[in-house]
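Structure first, commentary second.
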Amino acid sequence: MLRWKYSRPLLIAITVIFAILPFAGDNPLSKAGLQQTMAVAFLFGALALTYDLLFGFTGLLSFGHALYFASGMYVTAILINDFNVHFLLAIVGAIFFTSLLAALTGGAALRTSGITFAMVTLAFGQAGHVVVARDFGGFTNGDDGLPVNPDRLPDFFIGVVNTKYLYLLALGVLVFIYFAAWWITESSAGRVFAALRDNEQRVSVLGLNPNRFKLLSFVLSAAMAALIGATMLIVSGSGSPRYAAADITIALLLMVILGGPITRWGAVLGGILYSVLSTRLNFISEGTALNSLPRFIGGPLAEPAFTLGLIFILIVMFAPGGISGAYYRARFKYLNKGK
Amino acid sequence: MSTFLLILVTGVGLGALYFLVASGLSLIYGLMGVLNFAHGSFLTIGAFSGLWISTKVFPNPTTWTFLASMLAGGIVAGLFALLMEQLVINRLYNRHIDQALVTVGVSLVVTALLGGWFGFDARFLPTPLWFMKAVTIGDAIIPIDRFIYIAVAAILLIAMLSILRFTRIGLIIRAGVENRSMVSALGINVRLAFSTVFFIGGFAAGVGGVLISVFSYGVSPLMGGSWLIYGFIVVVVGGMGSIAGSAIAAMLIGITNQFANYYVTGLGDFVVVIILAAVLLTKPTGLLGKVSH
């Protein structure tokens, strides 16, 4: 997609600038508030990328991706709090558990395909949400959320003054997931994923087992989602049932469509934009011109979901491919101008 | 025995509400292959229209004003569904994933719009006083509202089945569910059937929205979301495109949910999901499924 030659320096430059800004004197990113917002946004960018691996690259429309994100989050918290496990080991344990869970649920769901697959994954996701929210087994603390014991985390992750380290942690995880996704999609298995999306019948005629590769894609993206969930636990300080809700998966779908599927950076950009907009549109609308508008216009405009939903509808109808799709179309036009 | 009867009737009443949400979803998916995430918005819009009739237009609740609320809820939601079909769905002809995605967008916008106008707190929908009463059957005391849900759902079920069975448009819809390309190839205007299905589905969801506001003691912009998921589950268990299948699945899920919840609070939701997974894994087309897109 984006040519390696041009994109590598650009992406590295952007990452380095984001990594330095919190430490470089007085700028918006040196404030803890925006650092926290951006840390969450980076993690949603990474999560959107893992969803893109399923939806964009492999062509699997799953509505249960939040399950694996929440599983990574909650298993880490439970291992740290209840079993006194070192936090790095707990994260590894959570990734392992989530991969197993994904192999089981994904294996069952992949007996179906298309919309039915979407529904089965939605059902598994809902089951996960019920388990977390109703506190079956007494591990998850139900609707109140599950705070991670701060004494068991390193000191530099605790407290408002240390938000910049959480920010760096989130950025680091995003970079790691980005390279992992890059490696996966450019590997030979990644080629098979893309082939499955484009023509499944042909893949099986070539002698490859489609379900085995779909399951591989499903488990890989779930394992990465678990890592992101564990990081989100450290960044936000506690697990919450809302991370297991179907809303999260739908938000991921919006992020990928917004940024554009199958381009990697599109999903990341979409995730970051969506996350920042949905937290910051509230602040922007407060105390500005919106308040002077009549309520029947100003009220909905103050809701981030209204603006995001409208943008989303317009993108699906008139600009499929999202931001990255538009970029590539413009670039293609530019490069072919002389011909 | 009295508890058993109470749970059973409550379960059937809940099933009736599920059916109102699911029937339209099922027809729309069966005919057009559109997974309609905006169906929850139809429900919410219906509930708000009913609320408007019952509070602003007729401030004194009687049986007639409640009937007017239900009718208004159904019609407004049906018209909204029609509008959405004409403005959005039609333009994405045969792009099934995009159609589903665009309905996700519509549901977000409608929730935010209603939330921006009316706030997210639940509002009470006034009902005639006799809704609060209970009837005694044997030694069981059963709140009367459950019978209202069942009656309304039964009337709509019969109406829908009659439209499908005895009218020309119903014939086109039934044929379209089985093989849409063949129907168009014969020169029959399927688009009209699309619009009809959206109106009927929106109408049922809108009526359901008014009744659900009574059942859950309030109207809120967020009510559509959680009922939509149950609607999906019922449709998938019953089989896409089959009204009778939706009715059976709605009863099955409503009753199971209530009994499971009686023994362990919160277990109902979990059991419903297990039923869904079990049905899909053994019979992916659902109980009475006709289509396998």
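Order of the sequence lines sets the chain letters (A, B, ...), proteins ahead of strands, with each chain counted from 1.
- In this structure, chain B has a heavy atom under 4.5 Å from the side chain of A:L254, while its backbone stays farther away.
- For B:R91, the CZ atom is loosely surrounded, since the number of other residues' heavy atoms within 6.0 Å does not exceed 12.
- Within the 4.5 angstrom heavy-atom criterion, atoms from both the backbone and the side chain of B:L113 approach chain A.
- With a 4.5 angstrom heavy-atom cutoff, B:F120 touches chain A only via side-chain atoms.
- For a heavy-atom cut-off of 4.5 Å, chain A lies close to B:L35, B:F37 in residues 35-44 of chain B.
- Around atom CZ of A:R202, no more than 12 heavy atoms belonging to other residues, nucleotides or ligands sit under 6.0 Å away.
- Within a 6.0 Å sphere centred on CZ of B:F259, other residues, nucleotides and ligands contribute more than 12 heavy atoms.
- Only the side chain of A:A246 comes within less than 4.5 Å of a heavy atom in chain B; its backbone stays farther off.
- In this structure, A:F312 and B:L108 have side chains that are not in contact, with every pair of non-hydrogen atoms separated by 4.5 Å or more.
- Note: B:I229 leads B:V110, B:I233, B:I229, B:V235 in heavy-atom pairs under 4.5 Å with chain A.
- Using a 4.5 Å cut-off between non-hydrogen atoms, the part of residues 98-105 of chain B that approaches chain A consists of B:D98, B:L101, B:V102, B:V104, B:G105.
- Looking at B:V88, both its backbone and its side chain come within 4.5 Å of chain A, counting heavy atoms on both sides.
- Using a 4.5 Å cut-off between heavy atoms, B:I97 contacts chain A through its side chain alone, with no backbone atom that close.
- Only the side chain of B:V236 comes within less than 4.5 Å of a heavy atom of chain A; its backbone N, CA, C and O stay farther away.
- Every salt bridge (charged side-chain N to carboxylate O under 4.0 Å, His left out) that A:R134 has, sequence neighbours left out, goes to B:D269.
- Rounded to the nearest 0.5 angstrom, B:Y29 OH and A:M119 CE are separated by 8.5 Å.
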Just list the side-chain donor-acceptor pairs under 3.5 Å for residues 216-227 of chain B, sequence neighbours left out, or say none.
unit_1	atom_1	unit_2	atom_2	d
B:S216	OG	B:I212	O	2.8
B:S220	OG	B:L222	N	3.0

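- Among all heavy-atom pairs drawn from B:V273 and A:Q126, the shortest one is CG2-CB, 4.1 Å.
- Among A:I313, A:L310, A:V130, A:D135, the residue with the largest count of heavy-atom pairs under 4.5 Å with chain B is A:I313.
- With a 4.5 Å cut-off on non-hydrogen atoms, A:L314 does not touch chain B at all.
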